[in-house]
Amino acid sequence: MKSWLFFPLLVSFSVQCLASNITIITSRVPNGTVDTAYSAAIKANNGCTPYKWTIVSGTLPTGITARASSNTMSFNLTGIPTKVVTDSFVVKATGCGGGVSQASYKIVIQSTANYVVSLDWNASTSTDVVGYNVYRSPDAATWTKINVSLIGPTLYSDSTVANSSTYYYAATAVDIEGHESRKTSPVKVVVP
């Protein structure tokens with residue numbers, strides 16, 4: 001009868017987090033207007049997640065709050081500004097291994113919009129389309145629907161834009177069962 005001798009197998013490994021290269025990639029955020037919904041996303045990449053976001057100096061305009069996204073890859077600014085103001089602030093993102101990136105921003109909240117963005121698009125060729133939705137984004141990635149109800153014609157005027165801001169717009173078609181199409185290719189608008 002043979003006997004077998006077993007030796008324990010030892011395995012070791014290490015995981016390194018390359019946290020030093022975390023980078024905030026958003027260079028600016030849009031301005032806003034009093035009593036109009038505000039939305040912006042400050043994004044980071046590289047390093048390792050989860051990211052921890054903080055405002056290290058300055059303040060946000062009254063009515064706007066900041067919160068990390070569910071995947072922590074962005075710091076979302078949302079709310080309804082309540083007064084005319086120019087605020088500057090510095091945001092810091094820290095990766096899970098301690099890598100840090102900081103960026104400075106300025107938001108101008110004006111009393112009313114000085115410009116109106118007029119949009120028009122080609123109608124859908126589908127026979128069961130009952131209307132359209134219009135979406136706006138500060139970065140062509142984080143979208144907010146800006147119409148309250150379905151739009152019948154292929155025209156829309158956005159009077160909630162702020163001076164010195166860049167916006168992206170896209171539209172979708174909605175059929176009689178409420179199914180929504182993919183967004184059109186985004187259109188970039190720079191408000192002077």
Between OG1 on residue T65 and CZ on residue R67, distance to nearest 0.5 Å: 8.5 Å
A40 versus P138, closest heavy-atom pair with distance: CA-CG, 3.9 Å
Closest heavy-atom pair and its distance - N46, T23: ND2-OG1, 4.0 Å
Candidate pair V29 and I107, rule side-chain contact (heavy atoms from CB on, under 4.5 Å), full reasoning: CA-CA 7 Å; V29 292; I107 300 176; 3.6 Å; yes
Verdict with supporting geometry, Q110 and T33, side-chain hydrogen bond (donor to acceptor under 3.5 Å, both in side chains): CA-CA 5 Å; Q110 59 198 47; T33 55; over 6 Å; no
Which side-chain N or O atoms in residues 114-124 pair as donor and acceptor under 3.5 Å with protein atoms at least two apart or in another chain?
residue: N114; atom: ND2; partner: N163; partner atom: OD1; Å: 3.4
residue: S124; atom: OG; partner: S126; partner atom: N; Å: 3.1

Qualifying residues under side-chain hydrogen bond (donor to acceptor under 3.5 Å, both in side chains), relative to S74, sequence neighbours excluded: S69, N76
side-chain contact (heavy atoms from CB on, under 4.5 Å) between S164 and R28, intermediate numbers included: CA-CA 11 Å; S164 303; R28 62 185 296 201; 4.2 Å; yes
Same apolar cluster (I L V M F W Y, side chains within < 4.5 Å links), I25/I55: no
Under the ring-ring contact (aromatic ring centres under 6.0 Å, His included) test, residues paired with Y105 that sit two or more places apart: F89
Distance (rounded to the nearest 0.5 Å) between S104 OG and I24 CD1: 9.0 Å
Any residue meeting side-chain hydrogen bond (donor to acceptor under 3.5 Å, both in side chains) with T94, in chain and number order, not counting sequence neighbours: none
Inter- and intrachain pairs under ring pair (Phe, Tyr, Trp, His ring centres under 6.0 Å), touching residues 158-192, at least two apart: none
List, one per line, each side-chain donor-acceptor pair under 3.5 Å for residues 143-153, sequence neighbours excluded.
residue: N147; atom: OD1; partner: V134; partner atom: N; Å: 2.8
residue: N147; atom: ND2; partner: N133; partner atom: OD1; Å: 2.8
residue: N147; atom: ND2; partner: S149; partner atom: O; Å: 2.8

Where I22 and G95 come nearest, the two heavy atoms and their spacing: CD1-N, 3.6 Å
Shared hydrophobic cluster for V85 and V108 (ILVMFWY, side-chain gaps under 4.5 Å): no
Selection residues 52-86 - residue pairs positive for ring pair (Phe, Tyr, Trp, His ring centres under 6.0 Å), sequence neighbours left out: W53-F75
Side chain to side chain contact (heavy atoms under 4.5 Å, CB included) involving S88 - partner list, sequence neighbours excluded: K106
Just distance, no hydrogens or angles: give the donor-acceptor pairs under 3.5 Å from side chains in residues 181-188, sequence neighbours left out.
residue: S181; atom: OG; partner: A173; partner atom: N; Å: 2.9
residue: T184; atom: OG1; partner: A171; partner atom: N; Å: 3.0

Qualifying residues under side chain to side chain contact (heavy atoms under 4.5 Å, CB included), relative to T82, sequence neighbours excluded: T62
Distance (rounded to the nearest 0.5 Å) between T36 OG1 and I80 CD1: 8.0 Å
Nearest-0.5 Å distance that lies between atom CG in N21 and atom OG in S101: 10.0 Å
Minimal non-hydrogen separation, G97 against C48, with atom names: N-SG, 3.3 Å
Between CG on residue N31 and OG on residue S165, distance to nearest 0.5 Å: 4.0 Å
Pairing residues for P81 by the side chain to side chain contact (heavy atoms under 4.5 Å, CB included) criterion, not counting sequence neighbours: Y38, I64, I109
Closest approach of T160 to R136 (non-hydrogen atoms, all atoms of both residues): OG1-NH1, 2.9 Å
Cluster companions of V90 among Ile, Leu, Val, Met, Phe, Trp, Tyr (side-chain spacing under 4.5 Å): V56
Within 6.0 Å of NZ in K43, more than 12 heavy atoms from elsewhere: yes
Distance in Å, E180 CD paired with D175 CG, rounded so as to fall on 0.5 Å steps: 10.0 Å
Shortest non-hydrogen separation from L77 to A66 and the atoms involved: CD2-CB, 3.5 Å
